[in-house]
Structure formats: C-alpha cells, structure tokens
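Report on one structure; see the data block that follows.
Residue numbers start from 1 in every chain, and the chains themselves are labelled A, B, ... in the order their sequence lines are given, proteins ahead of strands. Atom set for the values below is all heavy atoms of this structure, side chains included, hydrogens, waters and symmetry mates excluded. Keep in mind the model is a prediction, meaning the values are calculated, not measured.
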There are 2 protein chains.
Amino acid sequence: MKDRKHSRKREAILDVLRSTKTHPSAEWVYAQLKPSYPDLSLGTVYRNLSLFREDGQIICVGTVNGQERFDANTKPHAHFICDRCGEVIDMEGRLCFDPGDAASGFFAGSIDYCEVTFHGKCLKCME
Amino acid sequence: MKDRKHSRKREAILDVLRSTKTHPSAEWVYAQLKPSYPDLSLGTVYRNLSLFREDGQIICVGTVNGQERFDANTKPHAHFICDRCGEVIDMEGRLCFDPGDAASGFFAGSIDYCEVTFHGKCLKCME
DNA sequence: ATAAAAACAGTAATAATTCTTATTATTGTT
DNA sequence: AACAATAATAAGAATTATTACTGTTTTTAT
Ligand SMILES: [Mn+2]
Ligand SMILES: [Mn+2]
Ligand SMILES: [Zn+2]
Ligand SMILES: [Zn+2]
C-alpha cells in the first residue's frame, strides 16, 4: 500500500465505512460526515474512496440505482441486493469461491477475484 | 411479456445483441446499426434495451468503465471481466449456482437470480 | 383509408463521477 | 517556533452515461 500523508478526513471516511454493514454509497458517507466536518467536500469522499480501492482497503460491491456501493470488508464474501429497496446485505455461509479453483482448467486469463451477487427481494420488501 | 407494436429498429437492436458474444454497451449497439439506419437515435437503443430487460429477453452483466453491458443469452452463466481492456467473456463450465439451493436455509428474502463475475486479466492482456 | 396508439429522432435535461485550481494541512527540518 | 516541500482539500466546472421531453412518423386495428 502506497504510503500517504495523514489526513483526518481520509481517516474519518474509512472509519465510517468500517463502522457500518450497509455497503454505503459515496453520497451516504458524505452525508454521515458532513455534520462533523462542515467543510467536507463530496469530491474528497470520491477521491479517497478511489484511493482506498487502489490500496485494497475497500472493495466495490456493485452499482445500485446508478450509485457505486462500497464495503470495508475485503474478505471474499457474497452479497444480496434487493432490487426493490436497494439494500445490500452480506450473505454468510460458504458461498465463497476460490477463483483459482473455480476456473482453473478452462480459463486462460489470470483471475484476481470473483464477485457473487444474489438478486431478489429482501425480507422487509416481501411484507 | 407485454406485447408491443412491431418495430424494425427494435428488431434490429435485438438482432445485434443476439449475433454477438461480446456483451456490448448501448453505445456499441448504436454504432453497429447507425450505418444501416442513419436516422437511428441513441435514445431508441437505450429505451429498447430497457424494454428487453423488463421483458426478460436480455440481461445486464455489469458495468465496465461506467457503461452497462448487455447479454442476449439469458441462461444463467458466469462472466469474466478483464479489468485492463474491459472485455466481457462468457465463462463456460459448471459455475452456475441454483439460487434456491445456494442460499436456502440461511437467507430469509426471496432470491431471483445470482450473478457470478470473475475479474482479472484476459489472455490477450497478459501478453 | 382513418384514426388511435406506440415508437421514433432530435434535443434538452439529469445526475454520478472526475477534473482543475487556488488554498490549506501535514510532516520533517532548521 | 518559523520554514519549506508537498500532499490534501474545497469549490465549482467539466465530463459523460442515461433519461425525459416534444413534435413527427410508423404501426396496426377498424
Ligand atoms: Mn459485504
Ligand atoms: Mn454472457
Ligand atoms: Zn428490500
Ligand atoms: Zn484484456
């Protein structure tokens, strides 16, 4: 991980991501921090999220309603996206696939990781 | 499937999608058809892709460089996305998961389908 | 053919993200 | 503590994929 100058805002952004299981969007992170950091800029959130992703500290878990959603849990795990309300939920269980295992033998490129995403309706949206 | 008036442009759009394995973007479909349909409008491509998706005739396979990619093969199958050149490749093999099987028992919502996407470098991009 | 409905082209609008630039914060050094 | 070097930031402009609007054309049923 490239070493960077310390920044309290960057730290706060990562803290927000680490303290939630909601797989937030950039906008949501911004809204969370704005009260405590009145001079926070949305661009700063986007920029730092990009840096975190480059450095492997967070991952993207998909796009919901045109907005990218992020996750500070970088351990491979599957997600469920509710196509009605847009919630992104962690799927526990043994749904993790070892990319190497899964595709070795019949794919010639190099596989870095594998995304597994279920779609449907969450419990709340089923009434 | 809701029944719609016939339209040669709509038909052509679906034909393009069905005749390629490249998982194209809206823009690409438009570029393919523009020579034969000089008055084709990009909005028409977007609108019809949406209709096809609503009707279940095509699926979205992910976003590459900010552009949604489509697939006329609606049978569940996994994909590989090259994070360098953006190619989207079908993954053959038995990588299909029965949503019901995969998550029954430990998830309470209703699962419609499951997306499996590998990321890495394609053969061409590895030199 | 006529008329109603649906689809269209062309264009404007929207909205997420990125880029630019002048300013400020951080870190190490005198 | 003041300084210099550089990274990080705010603010807003720019970019760009997608959608909405409006007047016109095509389709299809009568
Ligand atoms: Mn997660
Ligand atoms: Mn495919
Ligand atoms: Zn829901
Ligand atoms: Zn490639």
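Under the 3.5 Å distance criterion, with hydrogens and angles disregarded, no donor-acceptor pair is assigned to the side chains of A:D112 and B:H119. Between the side chains of A:R47 and A:T44, a donor-acceptor pair is found at a separation under 3.5 Å. Inspection of the A:D90 and A:H77 side chains reveals an N or O donor paired with an N or O acceptor under 3.5 Å. Between the side chains of A:S25 and A:Q67, at least one donor-acceptor pair of N or O atoms lies under 3.5 Å.
The CD atom of A:Q67 sits 14 Å away from the C1' atom of D:dA17 (whole-angstrom rounding). For the pair A:N48 CG and D:dA7 C1', the interatomic distance rounds to 11 Å; values are reported in whole Å. The interatomic distance linking A:E11 (CD) with C:dT27 (P) rounds to 10 Å, in whole Å. At whole-Å resolution of the value, CG in A:D55 and C1' in D:dA7 are 14 Å apart. One interatomic measurement links the two molecules: OH of B:Y30 to P of D:dT18, which rounds to 15 Å at whole-angstrom precision. Protein atom CG of A:D39 is 11 Å distant from nucleotide atom C1' of C:dA25, rounded to whole Å. Rounding to whole angstrom units, CG of residue A:L40 and C1' of C:dT24 are separated by 15 Å. With rounding to whole Å, B:L42 atom CG is found 15 Å from C:dA13 atom C1'.
Residue B:Y46 places no side-chain N or O under 4.0 Å from the OP1 or OP2 atom of D:dT19. Within the 4.0 Å cut-off from OP1 or OP2 of D:dA17, not a single side-chain nitrogen or oxygen of B:N65 is found. A close approach under 4.0 Å does occur between a side-chain nitrogen or oxygen of A:R47 and OP1 or OP2 of D:dT9.
Side chain of A:R84 to main chain of A:G120: no donor-acceptor pair is present (N/O by atom type, distance under 3.5 Å, no hydrogens or angles). The backbone N or O of B:L17 sits nowhere less than 3.5 Å from a side-chain atom of B:T20 that would complete a donor-acceptor pair.
Under the 4.5 Å side-chain heavy-atom criterion for Ile, Leu, Val, Met, Phe, Trp and Tyr, B:M91 and B:I89 are members of the same hydrophobic cluster.
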What string of B, S and - do you get for nucleotides 22-30 of chain D 5' to 3' if you count protein non-hydrogen atoms under 4.0 Å?
-----BS--
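B:E68 comes within 4.0 angstrom of the backbone, heavy atoms only, and of no base.
Along DNA chain D, the nucleotide nearest to B:G66 and the one nearest to A:P38 differ in position, and the one closer to the 5' end is contacted by A:P38.
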